[in-house]
**Q** 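Sharing a structure below in structure tokens format, with a few things to ask.
Just so it is clear: chains get the letters A, B, ... in the order the sequence lines come, proteins before strands, and each one is counted from 1.
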Protein chains: 2
Amino acid sequence: MNGPDQIHAPIPCSDCGIYQLCLPTSIGQADVDLLDKIVKNRRIFKRGDYLYRLNHPFQSVYAIRSGSVKTYVLMDDGRLQITGFHIAGELLGLSAVNTRVYSCEARALETTSVCEIPFDRLEELGQQVPSLQYQMLRIMSREIAHNQELMLLLGRKNAEERLATYLISLSSRFAKRSYSATEFNLSMSRGDIGNYLGMAEETVCRVLARFEQEGLIAMQRRLVRLKDVDRLSAVARGNGKSESPAELVG
Amino acid sequence: MNGPDQIHAPIPCSDCGIYQLCLPTSIGQADVDLLDKIVKNRRIFKRGDYLYRLNHPFQSVYAIRSGSVKTYVLMDDGRLQITGFHIAGELLGLSAVNTRVYSCEARALETTSVCEIPFDRLEELGQQVPSLQYQMLRIMSREIAHNQELMLLLGRKNAEERLATYLISLSSRFAKRSYSATEFNLSMSRGDIGNYLGMAEETVCRVLARFEQEGLIAMQRRLVRLKDVDRLSAVARGNGKSESPAELVG
DNA sequence: TTGCAAAATTGATTTAGGTCAACTAGCATG
DNA sequence: CATGCTAGTTGACCTAAATCAATTTTGCAA
């Protein structure tokens, strides 16, 4: 039987038999550099370039060295849904497959350098790269927790709470890799943010403007500075409106 | 190295070291019966009884023999969020742990008979029960796909689409275990449905009433009959409002 | 530098759905 | 049988955010 810290090979989709994987997960800048050194398969993408563009999954995982990437799915009715933004230090695979998805794509938001890792080397690399020693199961488990958080966000939170949550989340992701956690570049457009958070582009603008007026943030085009993280966190948690936590009985 | 069809022991939360697991997954009535026969640990819960109620995870998985169960989390601010409804033929564990969750609970929606399976027997049982031979990874992968679907629902869909999606989804779950797929009992309250779908109880009522007027369903208290599944599916997919599938460029 | 297209902002208007409130129907209890 | 009690329904009203529309700003390419 397996030890708990081994990497498992990816598993095929139980419906279609094709491999799938989900791991928009942070492994840290150091381990990305390490991977880059071992794998020697560096690639550069320019803004708008596709990292992949597929009707179905895929052969590689990408460790982002610098820059940023958005992933999204195209639904069978033509709608586009952004599933995540990924920044330096993070591992990028493919988000889950479901029947209504026509194609999964990932494209660079700015000039982006990645290390492309073929699937069949993942196991071997797990021996050498500390953060990959977390097995897939653990990584996926984190992904599920993250999605549940996001579901709460989409189902319950209003525009201000969503955007505050988003900024705080970005901030902590930047913090993990020793960039500034309070001043960073939103490489994605307002429209992208709106799509991701389930609100109109105009609302994103208006709420950001409101945050600025209230002294929570400072903005200059796509550069944000969080001026009052505490208060912003409070907004993200939904303080302000007095929520009655009605304990429902089934 | 592991064969692809083995069960893995659950893995501890990478943050807190405590075990967690997520698997609100259908394994089918036949395999539930099989499990029940092998494990011999049957338990009966009455409406409102707790299957578990914990500040942190947990020792068992439950295979539902009959009845239904809701799972939910209590947030640190006291809010209650329903994370799923589970019916006969499904396996029920614990939905993902996240930092803002204070406690995870599951309670019966009606008189419910389950087979309680201790964690440490999962592996052994995987040898004997076909559907458990899917390894955890695959089960979790399905869970992620399901969550992403739900995220789309919560982020993009309006009240009618949500409720239509919900009914269709329930229908297909019932269909899997040879109950009627077009006539079934909503064992959960309107309030529960609203909580789960992110809308007010009153809106649930109103939309159901509208569906009934339009001849999509027939209702009698908690008993629903789907009269026009095709049209209902169309509503669930969001037909009606002409969505411009703007292809955003990052 | 000019010119153009995409992105962002801001205002006006509309609307879906939340909230509050009243009322009804089932169901359980003494 | 009367008496609540909870779940469900329906109506009135209001608000957050979508939509529509007009500018303004910016980035990029000739």
**Q** Residues two or more places apart in sequence or in another chain: which of them pass side chain to side chain donor-acceptor pair (under 3.5 Å) with B/S113?
**A** B/R65
**Q** The criterion is salt bridge (Lys or Arg N to Asp or Glu O under 4.0 Å); which residues satisfy it with A/E160, sequence neighbours excluded?
**A** A/R210
**Q** Of all residues at least two apart in sequence or in a different chain, which pass the side chain to side chain donor-acceptor pair (under 3.5 Å) check with B/S68?
**A** B/E110, B/S187
**Q** If I take atom CG in residue A/L109 and atom P in nucleotide C/dA7, what distance separates them, rounded to the nearest angstrom?
**A** 12 Å
**Q** If you take any heavy atom closer than 4.0 Å to DNA chain D, which residues from residues 197-211 of chain A end up in contact?
**A** A/G198, A/M199, A/A200, A/E202, A/T203, A/R206
**Q** Going by salt bridge (Lys or Arg N to Asp or Glu O under 4.0 Å), name the residues that satisfy it together with B/R225, two or more places apart in sequence or in a different chain.
**A** none
**Q** Specify the separation, in whole Å, of atom CG of A/N195 and atom P of D/dA18.
**A** 12 Å
**Q** Taking only residues two or more places apart in sequence, or in another chain, which ones meet B/D228 in a side chain to side chain donor-acceptor pair (under 3.5 Å)?
**A** B/R231
**Q** Which angle, rounded to 10°, do you find between the first-five-pair axis and the last-five-pair axis of the helix from C/dT1-D/dA30 to C/dG30-D/dC1?
**A** 40°
**Q** Rounded to the Å, how far apart are B/L163 CG and C/dG18 P?
**A** 12 Å
**Q** Who are the ring pair (Phe, Tyr, Trp, His ring centres under 6.0 Å) partners of A/F45, not counting sequence neighbours?
**A** none
**Q** Tell me: NZ of A/K157 to C1' of D/dA16, nearest whole Å?
**A** 17 Å
**Q** Of all residues at least two apart in sequence or in a different chain, which pass the side chain to side chain contact (heavy atoms under 4.5 Å, CB included) check with B/T203?
**A** B/A159, B/M199, B/A200, B/V207
**Q** Using a 4.0 Å heavy-atom cut-off to protein, can you give one letter per nucleotide of nucleotides 22-30 of chain D, 5' to 3': B if the base is in contact, S if only the sugar-phosphate is, - if neither?
**A** ----SS---
**Q** Whole Å only: how far is the CD atom of A/E160 from the C1' atom of D/dT15?
**A** 13 Å
**Q** Looking at residues at least two apart in the chain, or sitting in another chain, which of them share a side chain to side chain donor-acceptor pair (under 3.5 Å) with B/R221?
**A** none
**Q** When the distance from CG of B/L223 to P of C/dA25 is rounded to whole Å, what number comes out?
**A** 20 Å
**Q** Just to confirm, is there a sub-4.0 Å distance from OP1 or OP2 of C/dA8 to any side-chain nitrogen or oxygen of A/R222?
**A** yes
**Q** Quick one: salt bridge (Lys or Arg N to Asp or Glu O under 4.0 Å) partners of A/E201, sequence neighbours excluded?
**A** none
**Q** Do the rings of B/F174 and B/F184 sit parallel, tilted or perpendicular, given the 30° and 60° boundaries?
**A** parallel
**Q** What is the separation between atom CG on A/D192 and atom P on C/dA6, rounded to the nearest whole Å?
**A** 15 Å
**Q** Under a plain distance cut-off of 3.5 Å, with no hydrogens placed, do A/Y52 and A/E105 share a side-chain donor-acceptor pair?
**A** no
**Q** Mind calculating the distance between CE (A/M188) and C1' (C/dA7) to the nearest angstrom?
**A** 15 Å
